Amino acid sequence: MISKEGKDMKPFVVNFSDIGIDFKGNHIVRKYNDIKHIFKTTDPTLERENPVIYEVFEGPIQEKEGELMFLITILYPGTVNGEFFMTKGHYHTVENTAEVYLGLRGKGLILCQTKKGEFEAVEIGPNKVVYIPPFWAHRTVNISDEPLIFFAVYPAHAGHDYETVEKEGFKKRIFRGDNGILFVEQ
Ligand SMILES: O=P(O)(O)OC[C@H]1O[C@H](O)[C@H](O)[C@@H](O)[C@@H]1O
Ligand SMILES: [Fe+2]
């Protein structure tokens with residue numbers, strides 16, 4: 001059996017597919033009204049319907065040093081007046097911790113930035129592994145018309161610092177353009 005007490009843990013396997021994930025950990029659901037402040041504009045229809053923008057299925061792992069948290073994120077397609085659906089984004093509270101993403105379905109961008117002001121946008125999708133080094137904040141944007149699904153793993157004690165991102169924002173926002181995507185300075 002899987003126990004959250006590390007000392008009792010045994011190797012285990014979990015299954016996931018497009019229709020079901022048997023991770024017995026936290027299930028985090030972020031709806032439009034929970035995160036609407038991260039978008040440049042608001043949309044009254046989305047406010048009324050309050051759809052799920054993304055959900056995260058975390059593995060049954062204790063948040064302590066030595067463990068690796070793993071998870072699946074499903075980021076649904078859509079825009080807020082042209083600005084693609086995205087995650088809140090965060091730095092790790094323990095800043096010198098990295099993260100690895102593996103794209104499973106759909107197509108997205110991971111916006112990364114440092115407190116020194118560096119900014120990078122990298123692609124995520126099937127057959128792409130993205131490495132986010134320590135000290136880089138990360139936010140995922142779904143630039144496709146289907147759910148963007150990816151697997152991620154990071155040191156389980158890393159923690160999430162959302163406040164810095166809420167204060168400073170990311171340097172660029174991603175909008176649907178007539179011929180693809182548009183990077184808009186915040
Ligand atoms: O935590 P958010 O910025 O809302 O993003 C949602 C999730 O995205 C990624 O999958 C990270 O690995 C998770 O740690 C995070 O919880
Ligand atoms: Fe992270």
Side-chain angles (χ1 to χ4, degrees), residues 4 14 16 18 21 23-39 46 50-65 67-78 80 83-115 118-126 128-144 147-174 186:
K4 280 192 139 193
V14 293
F16 65 88
D18 291 352
I21 296 174
F23 291 8
K24 304 271 186 322
N26 283 336
H27 179 207
I28 301 157
V29 178
R30 301 226 203 272
K31 295 186 172 191
Y32 176 72
N33 286 328
D34 302 328
I35 60 160
K36 62 183 178 184
H37 58 280
I38 70 174
F39 296 96
L46 290 172
N50 199 23
V52 173
I53 306 298
Y54 60 100
E55 55 190 317
V56 181
F57 297 86
E58 290 185 343
I61 305 298
Q62 266 196 319
E63 294 184 351
K64 67 176 198 193
E65 203 164 356
E67 299 285 356
L68 290 173
M69 178 58 81
F70 65 92
L71 49 91
I72 294 274
T73 301
I74 305 175
L75 173 55
Y76 292 98
V80 182
E83 185 176 9
F84 289 110
F85 285 179
M86 59 187 177
T87 63
K88 283 168 64 164
H90 56 265
Y91 286 93
H92 289 162
T93 314
V94 179
E95 292 186 88
N96 63 344
T97 52
E99 185 155 347
V100 173
Y101 284 30
L102 168 65
L104 300 172
R105 277 194 64 173
K107 189 177 168 190
L109 289 177
I110 302 179
L111 311 185
C112 303
Q113 78 181 24
T114 64
K115 291 180 180 172
E118 299 156 288
F119 178 89
E120 299 283 336
V122 293
E123 262 188 47
I124 181 80
K128 287 188 200 298
V129 171
V130 174
Y131 185 74
I132 301 159
F135 301 100
W136 285 79
H138 35 287
R139 159 178 284 169
T140 310
V141 185
N142 185 349
I143 57 168
S144 72
L148 171 64
I149 307 180
F150 59 91
F151 174 85
V153 58
Y154 62 90
H157 70 299
H160 294 78
D161 166 15
Y162 295 107
E163 277 172 25
T164 308
V165 162
E166 289 200 2
K167 259 193 292 183
E168 295 170 4
F170 275 75
K171 274 196 165 174
K172 293 185 183 165
R173 297 176 170 281
I174 315 298
Q186 70 153 328

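Below, each value reflects all heavy atoms present in this structure, side chains not excepted, and no hydrogens, waters or symmetry copies. Ligands are counted one by one from 1 in listed order, and the atoms in each one are counted from 1 as well. As the structure is a computational prediction, the values presented were derived from the model and not from experiment.
- Of all atoms in ligand 1, numbered sequentially from 1 with element shown, those under 4.0 Å from a heavy atom of V56 are 6 (C), 7 (C).
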Decide yes or no on side chain to side chain donor-acceptor pair (under 3.5 Å) for T140 and N142, but give the supporting numbers first.
CA-CA 7 Å; T140 310; N142 185 349; over 6 Å; no

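- Using the six-membered ring where Trp is involved, H160 and H90 have ring planes that are perpendicular, over 60° apart on the 30 and 60° scheme.
- Considering only non-hydrogen protein atoms, atom 11 (C) of ligand 1 sits nearest to E99 OE2, 3.1 Å.
- When hydrogens are left out, the protein atom nearest atom 15 (C) of ligand 1 is H90 CE1, 3.8 Å; that is the closest non-hydrogen contact.
- Two residues are said to be in side-chain contact when any heavy atoms from C-beta on lie closer than 4.5 Å; I74 and L148 fail this criterion.
- To the nearest 0.5 angstrom, Y162 atom OH is 9.0 Å from T93 atom OG1.
- Closer than 2.8 Å to the Fe ion (ligand 2) sit the protein N, O or S atoms H90 NE2, H92 NE2, E99 OE1, H138 NE2.
- Ligand 1 places these atoms under 4.0 Å from at least one heavy atom of Y154: 12 (O), 14 (O).
- For the side-chain contact (heavy atoms from CB on, under 4.5 Å) with L109, the qualifying choice from I174, I124, V122 is I174, the only one to do so.
- Between I143 atom CD1 and E123 atom CD the span is 6.0 Å, to the nearest 0.5 Å.
- In terms of protein heavy-atom proximity, atom 9 (C) of ligand 1 is nearest to Y101 OH, 3.3 Å.
- Remark: minimum distance from atom 1 (O) of ligand 1 to any protein heavy atom is reached at Y162 OH, 2.6 Å.
- For ligand 1, one of its N or O atoms has an N or O atom of H160 under 3.5 Å away.
- Closest protein heavy atom to atom 13 (C) of ligand 1: L71 CD2, 3.7 Å.
- Remark: F135 engages E95, N96 in a side-chain contact (heavy atoms from CB on, under 4.5 Å) (not counting sequence neighbours).
- Here the heavy atom of the protein found nearest to atom 6 (C) of ligand 1 is Y54 CE1, 3.6 Å.
- Between the CD atom in E58 and the OG1 atom in T73 there is a gap of 8.5 Å [rounded to 0.5 Å].
- The contact set between ligand 1 and R30, taken as ligand atoms under 4.0 Å from a residue heavy atom, comprises 1 (O), 4 (O).
- The proximity of R139 to ligand 1, defined as any non-hydrogen pair under 4.0 Å, does not occur for either the backbone or the side chain.
- Between H138 and Y101, the angle of the ring planes goes over 60°, which puts this pair in the perpendicular group of the 30/60° scheme.
- Considering only non-hydrogen protein atoms, atom 10 (O) of ligand 1 sits nearest to T73 OG1, 2.8 Å.
- Geometrically, ligand 1 and H138 share no nitrogen or oxygen pair separated by less than 3.5 Å.
- When the shell of 6.0 Å around CD of E163 is examined, it contains 12 or fewer heavy atoms from other residues, nucleotides or ligands.
- At least one side-chain heavy atom of K88 sits less than 4.5 Å from a side-chain heavy atom of E166.
- In terms of protein heavy atoms, atom 5 (O) of ligand 1 is closest to T87 CB, 3.7 Å.
- For the pair A152 and ligand 1, the shortest N or O to N or O distance does not fall below 3.5 Å.
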Go through it in stages, so that I can follow the logic: the residues are V165 and Y91, the test is side chain to side chain contact (heavy atoms under 4.5 Å, CB included), and I'd like the CA-CA distance, side-chain angles, deciding distance and then a yes or no. CA-CA 7 Å; V165 162; Y91 286 93; 4.0 Å; yes

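- With a 6.0 Å radius and a threshold of 12 heavy atoms from other residues, nucleotides or ligands, E118 has its CD atom above the threshold.
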